[in-house]
Number of protein chains: 2
Amino acid sequence: MPKQVDYETRRRHIAEAVCDLIDRHGPEGATLRDVAQQAGVSMGAVQRCFATKDEMLAFALHHITERITAQGQEEIDASAAKESAVTLLTATLRTLTLIEPHQRRDARILAAFTAHATAIPSLAEILRQAHAKTRDLLVWLIRYGQRTGEFRDDLDADLEAETLLPLVEGLTSLALLGHRPTVPAHDTLTRRIDGLLMQPSRPSRPASSTAST
Amino acid sequence: MPKQVDYETRRRHIAEAVCDLIDRHGPEGATLRDVAQQAGVSMGAVQRCFATKDEMLAFALHHITERITAQGQEEIDASAAKESAVTLLTATLRTLTLIEPHQRRDARILAAFTAHATAIPSLAEILRQAHAKTRDLLVWLIRYGQRTGEFRDDLDADLEAETLLPLVEGLTSLALLGHRPTVPAHDTLTRRIDGLLMQPSRPSRPASSTAST
DNA sequence: GTTGATACGATGCAACCGCATCAAAATGCT
DNA sequence: AGCATTTTGATGCGGTTGCATCGTATCAAC
């Protein structure tokens with residue numbers, strides 16, 4: 001029998017190369033040749049891993065969305081018992097918002113795939129699942145906070161999550177474009193979380209919609 | 001002197017063709033040949049209007065952002081005196097969210113350009129200006145509502161607008177991907193606006209309070 | 001009517017795309 | 001060791017891309 005190769009790890013390796021190229025040269029930068037070179041393998045190797053380019057892109061998208069959601073989930077699993085729900089939710093939202101410099105790569109990649117998914121339903125499906133997973137995570141966090149007594153128990157976790165999700169998405173998109181907000185994105189998230197609290201923490205800012213659902 | 005052509009209207013005509021193609025065939029669909037054919041002109045005509053393809057894309061982006069922002073602004077200018085601030089803000093947010101079927105085109109086009117702007121700073125600048133304009137519009141609407149006594153006067157309009165803007169952006173993006181929210185996007189917006197009201201209509205549960213689909 | 005600057009549209013061109021092909025190298029089983 | 005078989009990396013191919021070129025058609029100015 002011939003050489004044994006672990007296709008799964010190689011696929012992930014190539015997926016990382018795809019992400020690198022999309023990050024550096026935009027959505028158009030991920031050509032088969034460049035991907036192969038970036039991954040340090042031959043073009044043939046890429047072709048054997050993925051039957052077609054779209055399949056490669058789909059795998060790369062699935063790869064990165066799993067990496068991001070797992071990142072958020074791990075953070076919680078590791079500290080759910082020790083940290084307060086407020087701290088957890090804050091950290092999770094900040095992680096998901098992808099505004100830190102080291103997250104710019106992920107933000108760019110997701111933006112590229114979002115645009116591409118417009119024309120390729122299979123990619124859209126992957127993104128839908130990722131968003132659904134994120135929303136479920138937020139729902140769990142809010143309910144957790146309600147169990148610990150930190151969050152108002154008259155809140156509908158589903159409703160809140162369905163607001164937080166687009167808020168996070170929008171903040172990511174705006175930050176990616178270099179939007180200069182009059183108030184830092186972190187504060188926007190903080191104010192939003194304050195609205196969930198049982199006893200609003202009298203925000204440092206003069207105004208805030210504490211009563212806003 | 002040769003034949004006189006109105007380059008400005010022709011540019012707009014071509015820009016519309018660009019938008020059509022991006023809408024129908026994704027970000028990659030706007031090749032010079034296809035654009036020319038879609039616009040019903042020759043390739044040479046397109047090249048004479050725009051020195052380079054990037055210049056064409058930049059013009060098309062500027063064209064569509066102006067169309068969208070103007071659409072929101074007009075709606076207000078036409079009815080600012082007659083309508084309540086709540087109605088105006090609601091209508092404006094819904095218009096900007098681009099979730100109606102007939103707005104899907106604009107949503108798709110903006111998503112494509114957002115991804116592309118990742119690699120082309122000049123496009124990013126155009127989008128930044130568009131978002132800044134939108135934010136200013138929201139600030140004006142909130143202050144208007146405060147003047148009419150509809151909105152709480154302890155609100156910081158800048159802060160609220162800086163939340164509404166990413167919320168709208170995120171809702172657009174999610175809707176474009178076919179995200180199936182547990183609560184309609186319209187209700188999410190409505191609940192957010194309720195938080196601005198002097199006397200909230202129904203704080204927690206939406207239960208289809210004000211108009212909604 | 002002549003002129004000449006300009007718009008026009010087709011065509012050429014070099015580069016690149018995704019994908020198919022294939023001889024040669026590499027490897028694990030017998 | 002010998003062999004069968006997969007992996008490999010390069011090359012070919014048809015098609016498309018953005019951009020440049022060029023002869024022709026057009027129309028204002030004289």
Side-chain angles (χ1 to χ4, degrees), chain A residues 1-15 17-22 24-61 112-113 115-117 119-123, chain B residues 1-15 17-61 112-113 115-123:
Chain A
M1 293 300 172
K3 180 159 58 175
Q4 307 253 358
V5 286
D6 184 349
Y7 281 99
E8 199 51 31
T9 52
R10 168 168 295 181
R11 279 158 111 111
R12 280 197 287 267
H13 179 63
I14 292 176
V18 170
C19 292
D20 273 333
L21 286 172
I22 289 181
R24 291 212 311 272
H25 303 111
E28 329 286 326
T31 71
L32 291 186
R33 283 164 181 83
D34 292 347
V35 167
Q37 188 181 0
Q38 173 72 25
V41 300
S42 73
M43 235 181 88
V46 176
Q47 288 183 275
R48 215 166 318 97
C49 279
F50 306 104
T52 175
K53 185 188 179 181
D54 283 348
E55 189 183 313
M56 178 183 77
L57 291 178
F59 184 91
L61 175 56
F113 273 117
H116 215 69
I120 302 177
S122 59
L123 295 184
Chain B
M1 292 294 179
K3 182 158 52 176
Q4 303 266 358
V5 284
D6 183 350
Y7 280 100
E8 199 51 29
T9 54
R10 168 167 295 183
R11 282 180 168 179
R12 280 197 287 268
H13 180 64
I14 292 176
V18 170
C19 291
D20 273 334
L21 286 172
I22 290 181
D23 172 42
R24 291 212 311 272
H25 303 109
E28 330 286 325
T31 73
L32 291 185
R33 282 166 183 80
D34 291 347
V35 166
Q37 187 180 0
Q38 173 72 25
V41 300
S42 73
M43 233 183 86
V46 176
Q47 290 183 273
R48 219 161 305 102
C49 277
F50 305 105
T52 175
K53 186 187 179 181
D54 283 347
E55 188 183 313
M56 177 184 76
L57 291 178
F59 184 90
L61 175 56
F113 274 118
H116 215 68
T118 283
I120 302 177
S122 60
L123 294 185

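Here is the naming used below: chain letters follow the sequence lines, and residue numbers restart at 1 for every chain.
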Apply side-chain contact (heavy atoms from CB on, under 4.5 Å) to A/A30 and list each qualifying residue two or more places apart in sequence or on a separate chain. A/V18, A/I22, A/V35
Kindly state each residue pair satisfying ring pair (Phe, Tyr, Trp, His ring centres under 6.0 Å) with at least one member in residues 39-60 of chain B, sequence neighbours excluded. B/F50-B/F59
Drop me the distance from B/C49's SG to B/E8's CD, to the nearest 0.5 angstrom. 9.0 Å
Could you tell me how far apart B/R10 (CZ) and C/dT6 (P) are, to the nearest whole angstrom? 17 Å
Please report the distance, rounded to the nearest Å, between CD in B/Q47 and P in C/dT6. 19 Å
Candidates C/dC19, D/dT8, C/dT11 - which lies nearest the side chain of A/M43: C/dC19
Rounded to whole Å, CD1 of A/I14 lies from P of D/dT7 at a distance of 13 Å
Taking atom P of C/dC17 as reference, at what distance in whole Å does atom CG of A/D54 sit? 16 Å
Nearest to side-chain heavy atoms of A/K53, which nucleotide of D/dC19, D/dT8, C/dG18: C/dG18
Got a sec? Which of residues 24-37 of chain A come in under 4.0 Å of DNA chain D, heavy atoms? A/R33
Hey, is the side chain of A/T52 poking within less than 4.0 Å of OP1 or OP2 on C/dC19, counting only N and O atoms? yes
Would you list the pairs meeting salt bridge (Lys or Arg N to Asp or Glu O under 4.0 Å) in which at least one residue belongs to residues 41-60 of chain A, sequence neighbours left out? A/R11-A/E55
Considering just the side-chain nitrogens and oxygens of A/R48, establish if one lies under 4.0 Å of OP1 or OP2 belonging to C/dA20. no
Under the side-chain hydrogen bond (donor to acceptor under 3.5 Å, both in side chains) definition, can you give me all pairs with a residue in residues 23-35 of chain B, not counting sequence neighbours? B/D23-B/R108, B/R24-B/Q38, B/T31-B/D34
With sequence neighbours excluded, what pairs up with A/R10 under the salt bridge (Lys or Arg N to Asp or Glu O under 4.0 Å) test? none
